[in-house]
Amino acid sequence: MIDERAYELLCCQLGLANEEKAGLRKQNKELIARLDSIEKSNRENSKALVDTINELSATVENYRKETELMRKQLEAKDEVNKMLANEISNLRLQLEDSRKHSFGRTSEQRRLLNNRNLDKSTMEKSEYDGSDKKDDGNSTNDNEAGGNTSSDNAPAQDSKPSRRKETAPRAGKTRLKVDKVVVHEVDEYYTLPEGGRFMNRNGMPDVWEYRVIEHVRAHSVEHVYKVARVKLADGTFTSTMEHPLKNLGGIFSPELLARLLCLKYDFSMPENRQIRLLAREGIHISNTTLNSYIHNGIAKLREFMEDVFKEFVQRANYLMVDETTELVGVETKEGKAYRRKYLWAFFAKHIKMVYYHYNNGSRSFDAAKSFLEYFMGTISTDGYTVYRMFDGEDSKVLHIGCWTHCRRLWVDALPSDRTAMDIIAPIGDMFRNEELFRMMKLSSEQIKAKRLKLTGPILERIHHKVVIMMQDAKIMANELMRKAVNYTINQWKSLRNILKDGSAEISNNLCEQRMKPVKLLLKNCMNIGSEDAAENSAFIFSLIESCKLNDIAPQEYLKHLFECILHGKECDKKALLPCFYKPEC
C-alpha cells in the first residue's frame with residue numbers, strides 16, 4: 001500500500017516537472033523569437049544606416065572633388081594675378097620714368113623763368129627728411145617734379161631721381177558709413193600766395209585727406225498754428241483748420257513717434273530714460289504725456305493693421321507657439337494691484353512673422369483655442385498641458401513636441417544618475433542629423449524621408465530604453481530621473497510626430513528666442529501699467545520683431561504706417577505686412 005502511494009506521488013511530481021519543463025520550453029521559444037525579431041530589426045537598421053552612410057560618403061566625395069577643382073582654379077588664377085601684377089608694376093615704373101623725363105625740362109624752364117637758381121646741396125635727395133621744406137623758394141617742389149637743381153654743366157647722373165622715391169600712388173582710404181559726406185576742396189579754404197605753387201607727386205598734385213566725424217544733434221522744431229473760428233453764411237460755425245495730427249492722437253510727427261516707439265520696444269529704453277534723452281534734445285515733456293501719446297499711436301496702429309496681421313499669421317501652415325509671464329497692473333476692489341499675466345507668441349517661421357497674443361493675460365485652454373480655433377496645420381510647442389488638446393485622434397492640428405525641453409530634463413538628472421546619458425546621447429544624434437539636413441539644403445519632403453530612415457530607429461531605441469527605466473524601481477526613486485521619464489512617456493506622441501512633417505523644427509527654441517526682447521524690456525521697466533497697455537505692447541512687439549526678422553528698419557516701417565494713417569491713404573494693407581513690405585512702395 002505504501003509503495004502504491006509513493007508511486008502515485010512520484011508520478012504526480014513527474015507530471016508537474018514535465019509541465020514546468022514544457023512551460024520553460026515555451027518561454028525559451030518566445031525568447032528566441034523575440035531575439036530573432038530584435039536581430040532582424042538591428043540588421044534592417046544597420047542596412048539602412050550603411051545605405052545612408054554610403055550616400056553621405058558619395059556626397060562628401062563629390063563635394064571634395066568640387067573643392068579640389070575650385071582650389072586648383074584659384075591657384076591658377078593666383079598665378080595669373082601675380083603675372084599681371086608684375087606687368088602692372090613694370091608699366092608703372094616705365095610710366096613714372098617717362099613722366100619724369102617729360103616734366104623735367106618744363107620744371108627747369110619754369111625755375112629759370114622765375115629766377116630761382118638754387119644751390120645743389122640744398123636739394124640732395126639723400127638728405128631729405130620727409131618734411132615740407134618751404135625755404136629757398138619751394139625747392140622741395142622742384143625735387144618732387146624731377147627737375148635738375150644744379151647748373152647746366154652738372155653731370156647727367158646728378159639729375160637722375162632716386163629709386164627710393166618711386167613710390168606707388170596712395171591707396172584710397174576706406175570711409176566710415178555715415179549719412180552724409182561733405183568734401184572740402186583745397187581752393188575752398190586756402191588761397192595760394194603770390195609766387196607759390198602746389199607740390200606734385202609723380203606728375204600729379206600731392207593731395208591727401210584729413211577726416212573729421214561730426215555728430216549733428218537732433219533738430220526739434222515746434223510748429224504753432226493759429227486757428228480762428230469762422231461763422232458761415234448759413235449760421236453754422238467752423239474753424240480755419242483741424243489739428244494737423246488728429247489721426248495720430250497726439251502732437252508727435254510720424255518720424256518722432258516711430259523713433260520713440262523703437263527706443264522703447266526695439267532698444268528696450270524705458271520712458272523715464274526717453275524723457276531725459278528728449279530733454280537734452282530740447283523737448284521737455286512729462287512721463288504721463290509721453291506715455292499717453294505713445295499708446296495713442298499704438299492704438300491707431302492696431303486699428304489700422306492688427307486684424308490683417310493676425311489673420312495672416314493664423315493662415316500659416318506651420319506655427320511655433322510659446323508663452324511667457326509679465327507683471328501687469330490691474331484694477332481691483334482694493335485699488336490697483338500688479339498681477340502675473342501671460343503673453344503668447346505665435347511664430348510663423350516660414351513667412352518670418354510673429355504675433356504676440358495677450359488675451360487678458362490668460363494662460364488657459366481658451367486663450368490658445370481662441371487663436372487656433374480655425375487653424376489647420378502643424379504647431380511646435382513645449383510640454384504645457386494646454387497643448388494636449390491637439391493630441392486627440394480627431395484633431396485637425398499636428399502637434400509636435402520640443403526635444404530641447406525633453407533633453408533639458410535628462411541633462412538636469414545626469415549628475416544624480418549617469419544612466420540619463422543613455423537618452424541624452426541618442427537625442428544628440430537626432431540633432432546632428434538635423435544639422436546635416438540643413439547643410440545639405442534638403443526640401444521638407446526630403447527631410448521627412450530622411451527622418452523616417454535615420455531618426456525613426458533612434459526614436460524606437462529611446463522609447464524602448466525609457467520604458468525599461470520606468471519599470472526600474474531604483475531609477476524611479478530618483479526624483480529628477482522620474483520627472484524626465486514621465487515627461488518623455490507622457491509627451492511621446494507629440495515628440496514622435498516629428499517624423500510626420502519635414503518642415504517642422506525638432507526644437508521650439510526659435511519661438512523662445514522671440515520672447516527675449518519682451519523680457520529685456522520688462523527687466524528695464526519692471527512692469528506694464530495696465531491691461532490696455534499690455535495689449536498695445538503685444539502688437540507693437542509683433543510689428544517690430546517681424547520687421548527685424550525680414551531685415552527691415554523698424555523705424556522707417558513705422559513711420560510709413562503712421563504717414564498712411566495720417567493722410568488717410570487707400571492702400572493694400574496686406575502689402576504693408578513686414579513679409580511683403582518694400583521700402584520704395
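The first residue of the sequence shown is numbered 1, and numbering continues consecutively from there. These numbers were taken from a predicted model, which means no experiment stands behind them.
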**Request:** Decide yes or no for Met353 and Leu549: does some side-chain heavy atom of the first lie under 4.5 Å from some side-chain heavy atom of the second?
**Result:** no
**Message:** Any salt bridge linking Glu55 with Lys453? Criterion: basic side-chain nitrogen under 4.0 Å from a carboxylate oxygen.
**Reply:** yes
**Message:** Tell me whether Lys352 at atom NZ has more than 12 heavy atoms from other residues, nucleotides or ligands lying less than 6.0 Å away.
**Reply:** no
**Prompt:** Does the pair Glu445/Lys450 count as a salt bridge with the N-to-O cut at 4.0 Å?
**Reply:** no
**Rounded distance [0.5 Å steps], CG in Asp266 versus CD in Glu545** = 7.0 Å
**Request:** Report the C-alpha separation of Thr404 and Ser507 in whole Å, then their side-chain angles, then the decisive distance to 0.1 Å, and conclude whether the side chain to side chain donor-acceptor pair (under 3.5 Å) test is met.
**Result:** CA-CA 5 Å; Thr404 297; Ser507 166; 2.6 Å; yes
**Message:** Tell me whether Asp307 is salt-bridged to Lys573, with the criterion being a basic N under 4.0 Å from an acidic carboxylate O.
**Reply:** no
**Asked** Around atom CD of Glu255, are there more than 12 heavy atoms of other residues, nucleotides or ligands at under 6.0 Å?
**Response** no
**Item:** Interatomic spacing from OG1 in Thr419 to CD1 in Ile424 - rounded to 0.5 Å
**Value:** 10.5 Å
**Message:** Is it the case that over 12 heavy atoms from other parts of the model lie below 6.0 angstrom from the CD atom of Glu20?
**Reply:** no
**Message:** Please determine whether the number of non-hydrogen atoms from other residues, nucleotides or ligands lying under 6.0 Å from atom CD of Gln13 exceeds 12.
**Reply:** yes
**Request:** For side chain to side chain contact (heavy atoms under 4.5 Å, CB included), just list the numbers for Asp412 and Lys483, CA-CA rounded to whole Å, side-chain angles, deciding distance to a tenth of an Å, and then say yes or no.
**Result:** CA-CA 10 Å; Asp412 292 341; Lys483 185 177 179 181; over 6 Å; no
**Request:** Assert yes or no for the condition that the ring centre distance of Tyr355 to Phe346 is strictly below 6.0 Å.
**Result:** no
**Message:** Students often mix this up, so state it plainly: with edges at 30° and 60°, are the rings of Trp403 and Trp492 parallel, tilted or perpendicular?
**Reply:** perpendicular
**Message:** Taking Arg438 first and then Glu435, would you say they form a salt bridge - that is, a charged N and a carboxylate O separated by under 4.0 Å?
**Reply:** yes
**Message:** I'd like to check Leu257 versus Leu558 (side-chain heavy atoms, cut-off strictly below 4.5 Å). Are they in contact?
**Reply:** no
**Message:** Check this for me, if you would: do Asp366 and Lys369 make a salt bridge, where the nitrogen-to-carboxylate-oxygen distance has to be below 4.0 angstrom?
**Reply:** no
**Message:** If you apply the rule side chain to side chain contact (heavy atoms under 4.5 Å, CB included), what do you find for Thr381 with Asp322, and how did you get there?
**Reply:** CA-CA 6 Å; Thr381 72; Asp322 194 23; over 6 Å; no
**Request:** Decide yes or no for Phe371 and Lys310: does some side-chain heavy atom of the first lie under 4.5 Å from some side-chain heavy atom of the second?
**Result:** yes
**Prompt:** Is the His405 to Tyr487 ring centre distance short of 6.0 Å?
**Reply:** no
**Request:** Please check if atom CG in Asn317 has more than 12 non-hydrogen atoms from other residues, nucleotides or ligands closer than 6.0 Å.
**Result:** no
**Request:** Report yes if some heavy atom in the side chain of Phe390 is under 4.5 Å from a heavy atom in the side chain of Leu372; otherwise report no.
**Result:** yes
**Item:** Cys525 SG to Glu326 CD distance, which is reported to the nearest 0.5 Å
**Value:** 11.5 Å
**Message:** Taking the side chain as everything from C-beta on, heavy atoms only, tell me whether Ile540 gets closer than 4.5 Å to Leu543.
**Reply:** yes
**Trace of the side chain to side chain contact (heavy atoms under 4.5 Å, CB included) decision for Arg432 with Asp429** = CA-CA 5 Å; Arg432 278 189 288 274; Asp429 294 337; 2.3 Å; yes
**Prompt:** Is there any side chain to side chain donor-acceptor pair (under 3.5 Å) pair reaching into residues 454-472, and which pairs are they, with sequence neighbours excluded?
**Reply:** Glu460-Arg496
**Request:** Drop me the distance from Phe375's CZ to Tyr318's OH, to the nearest 0.5 angstrom.
**Result:** 9.5 Å
**Prompt:** Between Phe580 and Phe312, is the ring centre distance below 6.0 Å?
**Reply:** yes
**Prompt:** So, the side chain of Asn508 versus the backbone of Val321: is there a donor-acceptor pair under 3.5 Å, distance only?
**Reply:** yes
**Request:** Tell me, please, whether Phe431 has Arg407 positioned over its six-membered ring: NZ or CZ under 6.0 Å from the ring centre and within 45 degrees of its axis?
**Result:** yes
**Item:** Met476/Val485 under side chain to side chain contact (heavy atoms under 4.5 Å, CB included): CA gap, chis, key distance, verdict
**Value:** CA-CA 8 Å; Met476 296 303 287; Val485 168; 4.0 Å; yes
**Fill in**
To the nearest 0.5 Å, atom NZ of Lys448 lies from atom CD1 of Ile498 at 11.5 Å
**Request:** Mind running side chain to side chain donor-acceptor pair (under 3.5 Å) on Asn524 and Ser268 for me, showing each step along the way?
**Result:** CA-CA 7 Å; Asn524 291 337; Ser268 305; 4.7 Å; no
**Prompt:** Taking 4.0 angstrom as the limit, do Glu61 and Arg64 come out as a salt bridge?
**Reply:** yes
**Prompt:** Does any non-hydrogen side-chain atom of Val411 lie less than 4.5 Å from one of Arg408?
**Reply:** no
**Prompt:** Under a 4.5 Å cut-off applied to non-hydrogen side-chain atoms, are Tyr358 and Val328 in contact?
**Reply:** yes
**Request:** Check whether more than 12 heavy atoms from other residues, nucleotides or ligands sit under 6.0 Å from atom NZ of Lys396, and answer yes or no.
**Result:** no
**Request:** Anything under 30° is parallel, anything over 60° is perpendicular, the rest tilted; go ahead and classify His399 against Tyr387.
**Result:** tilted
**Asked** If we only count heavy atoms from C-beta on, is the Ser362 to Tyr342 side-chain gap below 4.5 Å?
**Response** no
**Item:** Derivation and outcome, ring-ring contact (aromatic ring centres under 6.0 Å, His included), residues Tyr581 and Tyr557
**Value:** CA-CA 8 Å; Tyr581 176 77; Tyr557 175 77; 4.9 Å; yes
**Asked** Does Arg71 pair with Glu68 as a salt bridge, N-O distance under 4.0 Å?
**Response** yes
**Complete:** CG (Leu414) and CH2 (Trp410) are apart, to the nearest 0.5 Å, by 11.0 Å
**Item:** Partners passing side-chain hydrogen bond (donor to acceptor under 3.5 Å, both in side chains) against Glu535 (at least two apart in sequence or in another chain)
**Value:** none
